[in-house]
Visitor: 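Dropping a structure here in C-alpha cells format, bear with me for questions.
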2 protein chains.
Amino acid sequence: MATTGSNGRGGKSQGETRAPGVKDVAALAGVSLGTVSNVLNRPDRVNVQTKARVEAAMAELGFVRNESARQLRAGRSNALAYIMLDASNPFFTDVAHGIELAAEAHDLSLFTCNSSNRAERETVYLSRLEEQRVQGILITPVNPDAEALDELPWRGTPVVIVDRTRSANTHCSVAVDDVLGGELAVSHLIELGHDHIAYIGGPNTLGQVRDRRRGAQKALADAGLGPDNLIDITTDALTVEEGRKAGERIAGRPASNRPTSAFCANDMLALGLLQQCVALRMAVPDDLAIVGYDDIDFAAAAAVPLTSVRQPRRELGRRAAELLLAETTDPSHEHEQVVFTPELVVRGSTRM
Amino acid sequence: MATTGSNGRGGKSQGETRAPGVKDVAALAGVSLGTVSNVLNRPDRVNVQTKARVEAAMAELGFVRNESARQLRAGRSNALAYIMLDASNPFFTDVAHGIELAAEAHDLSLFTCNSSNRAERETVYLSRLEEQRVQGILITPVNPDAEALDELPWRGTPVVIVDRTRSANTHCSVAVDDVLGGELAVSHLIELGHDHIAYIGGPNTLGQVRDRRRGAQKALADAGLGPDNLIDITTDALTVEEGRKAGERIAGRPASNRPTSAFCANDMLALGLLQQCVALRMAVPDDLAIVGYDDIDFAAAAAVPLTSVRQPRRELGRRAAELLLAETTDPSHEHEQVVFTPELVVRGSTRM
DNA sequence: CAGATTGAATGAAACATTTCAATTTGGAGG
DNA sequence: CCTCCAAATTGAAATGTTTCATTCAATCTG
C-alpha cells in the first residue's frame with residue numbers, strides 16, 4: 001500500500017473568506033437581494049440584461065445556493081428517500097432504480113439508505129430523514145408491522161411500503177402476489193411430472209416465505225396431490241450460503257425420499273443450491289430441477305440458466321414512488337394497496 | 001393488479017397545525033428557547049428535572065428537530081455522500097458498505113446516489129450535494145479526469161475519488177493496483193501451462209481495462225513469452241451480456257488459433273463467458289480456463305466457482321471515507337493516493 | 001456576613017434564503 | 001403634460017435553530 005502527497009491548500013484560495021451568498025452576489029451585480037432571488041426562482045420575471053449581470057456575478061464569485069436556508073423557508077426539501085433492506089441483493093437495487101427514474105421525472109433527488117436488515121439502522125435513518133424534512137420515504141422495512149412506521153405519516157411525512165404488505169391498511173404499499181408466484185412455480189414443476197417437490201425457504205417469520213409456500217400448496221391441491229408431496233426445507237436466511245446448505249440436506253436424503261425438484265423462495269438460495277448440485281455431481285435439471293424467485297440478472301447468467309418467478313422490479317419501484325408523490329400532493333388521499341402479478345420465466349434449470 | 005383503499009386523513013390529526021418547533025416546546029415546558037436547545041445539544045448542562053420536563057413536552061408535541069435550521073446555523077450538515085458508478089454491480093455496493101461502516105463510526109449519515117454511468121446524472125448529484133453542504137463527497141466518477149471534479153474542493157467541499165486514479169494529484173484517492181492484479185491473473189495461467197491467453201475487456205477508454213492488460217503483458221514478458229500470446233478481445237462494456245458475446249467470438253475461432261484460457265477484466269464478463277461456455281459445451285476449465293476480476297460474491301457462487309482477483313472492497317470504501325474525514329478536519333491537508341494490493345483467489349474455473 | 005464561585009437559565013443576534021406588498025421606472029394613450 | 005399601466009425592482013419580514021454573553025440564584029469561603 002503506497003502513498004504520496006502534495007497540495008496543501010486545503011480549501012479556498014485566499015484569506016479563507018466564507019462562502020458567498022445572495023447578498024454578495026447582489027452587491028457585486030449592483031442589485032437587491034430580491035432580484036437575485038428572482039433570477040434563481042422566477043427568471044422570466046427579471047429583465048434579460050439584469051439577469052445576465054447577476055449570472056455573471058454568480059459565476060465570478062462561485063456562488064452555490066444554500067439549500068438549508070432555502071428549505072428552511074420553503075418548509076420542505078425536494079428529495080425523496082428509499083431505505084432499502086439489503087443493498088447486496090440485486091432485487092433491491094433494481095427496485096431502487098425504478099424509484100430513481102420516477103424521482104428524476106419529477107425533478108426530485110433520491111437518497112438511498114441501506115438498513116442492511118438491521119432494525120436499529122432503519123430507525124436511525126427514519127429519524128434523520130424526518131429531520132431533513134424529505135418529501136416522503138419509501139421503505140422495505142425489516143418488520144412491516146413495526147409501530148415506528150405509523151408515527152411519521154401521522155406527523156406529516158408520507159411513508160410508502162415497498163415489496164411488503166401490512167396487516168393494517170395504514171399506508172400505501174406496493175407488492176407482488178406471492179401466493180400466485182408460488183402457485184406458478186409449483187404448477188410448472190407438476191406439469192413436468194414432478195411429485196416430490198422441495199420448498200426451500202426461511203425463516204418462517206417472513207411473510208413472503210409463508211405466502212410462497214401457500215401458493216405451492218395450493219398448486220399441489222389443485223393438481224390432486226397432497227401436502228406430503230411438498231418437502232419443507234427451512235433455511236435461516238435467503239442467502240447463497242444457505243442455498244448451498246440446503247443442497248447438502250437434499251443430497252443427504254435416502255434416494256427413496258429425495259425430491260426430484262426444488263422451488264426456492266428466492267434466487268440467492270437457488271444459486272447456492274445450483275452450485276452445490278454441481279459440486280455434488282447432481283445434474284440439473286435431470287437429477288434435480290430448480291425454480292428460483294425474483295429473476296435477478298444473475299439468475300439468467302448462471303451456468304445452468306435458472307427458471308425463476310419474475311417480479312416487475314422496476315415497475316414496483318416506479319409505482320411506489322408515484323403513490324408517494326400522489327400522497328404528498330393530494331390532501332384527501334386514500335391509501336392504496338397495489339399488488340402486481342408475477343410471471344414464470346422458464347429456462348434450463350427445469351427444461352431438458 | 002388489484003387495488004383497495006381506505007383511510008382519508010392525509011396528515012396531522014386535527015386542524016392542520018404546522019409542525020411544532022423549539023418555541024412551542026419551550027412554551028409548554030415553561031422554559032426559554034435556549035434551554036430547549038441545551039437539552040438537545042448539551043444535556044449535561046441542564047438540570048435533570050428541567051430536562052425531564054422539556055423532554056416530556058417534546059414527546060407530547062411530537063417535536064422533530066428541523067435539520068435545515070440547525071444546518072443553516074451550523075454552516076454544514078452531518079452527512080457524507082457517495083456517488084456510485086453502477087449500483088447493479090455488486091462490487092460497488094460492497095464498497096458502499098465499507099463507506100457506510102466508517103460513516104456510522106463517526107456518527108454521520110451516508111447518502112448514496114447512483115449515477116448509472118451517466119455523466120449528466122453525476123453532475124446533477126454533485127451540485128445538489130454541494131447545495132446541501134454535505135461534509136464531503138466520495139465518488140467513483142464516470143470520467144476521473146473531468147474538470148468538474150476540481151471545482152467543488154476549490155469551493156470548500158472535499159472530494160475523494162474511489163476506485164479510480166487521476167493523472168493530476170488534486171484529490172485524495174483510493175484504488176487498487178490494477179497492473180499487479182493483471183500480472184497475478186496471467187502469471188497464474190502461465191504456471192498452469194497456458195500460452196494462448198485471451199484478454200477480455202473494454203472499452204479501452206477505461207484506465208482499469210488498460211492497466212490490467214498492461215499487467216497481463218508484463219506477466220507474459222517476465223515468463224519469456226511474447227505479446228502475441230495475449231489475444232485481445234475488446235468488449236463494449238463490462239457486462240454479463242458482453243461476456244456472452246466474447247464467448248461466441250472465442251468459440252468462433254479456428255481451433256489452431258483458439259485460446260485455452262481467458263482473463264476477464266471483471267467478474268460480470270467472466271460470468272457471461274462462463275455461461276456461454278456451458279451453452280456451447282466447452283468444458284471449464286478443461287477447454288477454457290477462466291480468471292475474473294473483483295471476486296464479487298456471485299463469482300464464488302457460480303456453478304463453476306470462478307478464480308478471480310480479489311480487491312479489498314470494504315476496506316477500499318472505509319479508507320476512502322477516512323481520508324475524506326481527515327480532509328474535513330485537518331486544514332493543512334496533503335492529498336494522499338492510497339493504493340491497495342489485490343490478491344488472487346484460485347477456484348474451480350482454473351483448477352482441475 | 002460580605003464576597004466569591006458555581007450551576008442554571010435566559011434572550012437577542014445570527015444564519016441565507018424566499019416571499020410579497022410596495023415602490024420605482026419608462027412608456028403609451030389621451 | 002398628465003394619467004395610467006405594466007414591468008421591473010426593492011427591502012423588510014419570516015423561516016427554526018444555535019450560540020454566547022448575561023443574568024439570576026444558590027452555595028461556599030474565610
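Computed from a prediction, not measured in an experiment: that's the story for all the values here. Just the heavy atoms: all of them, side chains too, but no hydrogens, waters or symmetry mates, feed the values below. By convention in this document, chain letters (A, B, ...) are assigned in the order of the sequence lines, proteins followed by strands, and residues within each chain are numbered from 1.
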Visitor: Should E67(B) and R70(B) be marked as a salt bridge (charged side-chain N to carboxylate O under 4.0 Å, His left out) after you check the CA-CA gap, both sets of side-chain angles, and the distance that decides it?
Guide: CA-CA 5 Å; E67(B) 178 65 18; R70(B) 167 205 196 5; 3.4 Å; yes
Visitor: Taking the cut-offs as 6.0 angstrom to the six-membered ring centre and 45 degrees off its axis, would you call R121(A) and Y125(A) a cation-pi pair?
Guide: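 Yes - R121(A) lies over the ring of Y125(A), closer than 6.0 Å to its centre and within 45° of its axis.
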Visitor: When the distance from CG of D24(B) to P of dT15(D) is rounded to whole Å, what number comes out?
Guide: 11 Å
Visitor: Could you please name the option among dG16(D), dT17(C), dT19(D) that lies closest to any side-chain atom of F63(A)?
Guide: dT17(C)
Visitor: Please state how far atom CD in E67(B) lies from atom C1' in dG16(D), giving the value in whole angstrom units.
Guide: 12 Å
Visitor: How many Å lie between CZ on R133(B) and C1' on dT17(C), as a whole number?
Guide: 11 Å
Visitor: For R318(A), is there an ion pair with E315(A) - N to carboxylate O distance below 4.0 angstrom?
Guide: yes
Visitor: With a 4.0 Å cutoff (strictly under), does any side-chain N or O of R65(B) reach OP1 or OP2 of dT18(D)?
Guide: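 Result: yes.
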Visitor: Would you say dT19(D) has OP1 or OP2 under 4.0 Å from some side-chain N or O of R42(B)?
Guide: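 Answer yes for this pair, as a side-chain N or O of R42(B) is under 4.0 Å from OP1 or OP2.
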Visitor: Find the distance Q71(B):CD to dT15(D):C1' and express it as a whole number of Å.
Guide: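 About 15 Å, once rounded to whole Å.
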Visitor: Roughly, in whole Å, what's the span from CG in L72(B) to P in dT17(D)?
Guide: 12 Å
Visitor: Just checking, any donor-acceptor pair under 3.5 angstrom between side chains of R65(B) and N41(B)?
Guide: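 Side-chain D/A pair, R65(B) to N41(B): present.
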Visitor: Which atoms of nucleotides 5-13 of chain D (N or O only) lie under 3.5 Å from a protein N or O atom, and what are those distances?
Guide:
unit_1  : atom_1 : unit_2 : atom_2 : d
dT9(D)  : OP1    : T50(A) : OG1    : 2.4
dT9(D)  : OP2    : N47(A) : N      : 3.1
dT10(D) : OP2    : S32(A) : N      : 2.8
dT10(D) : OP2    : S32(A) : OG     : 3.1
dT10(D) : OP2    : T35(A) : OG1    : 2.7
dT10(D) : O5'    : S32(A) : OG     : 3.4

Visitor: Does the side chain of R70(B) get closer than 4.0 angstrom to OP1 or OP2 of dC15(C) through an N or O atom?
Guide: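 Result: no.
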Visitor: Check every atom of dA16(C), dT18(D), dT18(C) against the side chain of A69(A) and return the nucleotide holding the closest atom.
Guide: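 The listed nucleotide nearest to A69(A)'s side chain is dA16(C).
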Visitor: Separation of Q132(B) atom CD from dA16(C) atom C1', in whole Å?
Guide: 15 Å
Visitor: Just checking E147(B): does its CD atom have more than 12 heavy atoms from other residues, nucleotides or ligands closer to it than 6.0 angstrom?
Guide: no
Visitor: Would you compute the distance between atom CG of L80(A) and atom CG of L110(A) and round it to the nearest 0.5 angstrom?
Guide: 6.5 Å
Visitor: Checking contacts here: which listed nucleotide (dT18(D), dT19(C), dT17(D)) is nearest the side-chain heavy atoms of N41(B)?
Guide: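 For N41(B), the side-chain atoms sit closest to dT18(D).
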Visitor: Which whole-number value in Å describes the distance from K23(A) NZ to dC15(C) P?
Guide: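 Between P of dC15(C) and NZ of K23(A): 7 Å.
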Visitor: Would D107(A) and N78(A) satisfy side chain to side chain contact (heavy atoms under 4.5 Å, CB included), going step by step from the backbone distance to the final call?
Guide: CA-CA 8 Å; D107(A) 204 35; N78(A) 43 31; over 6 Å; no
Visitor: Under 4.0 Å between a side-chain N/O of N66(A) and OP1 or OP2 of dT17(C), yes or no?
Guide: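 Indeed not, no polar side-chain atom of N66(A) lies that close.
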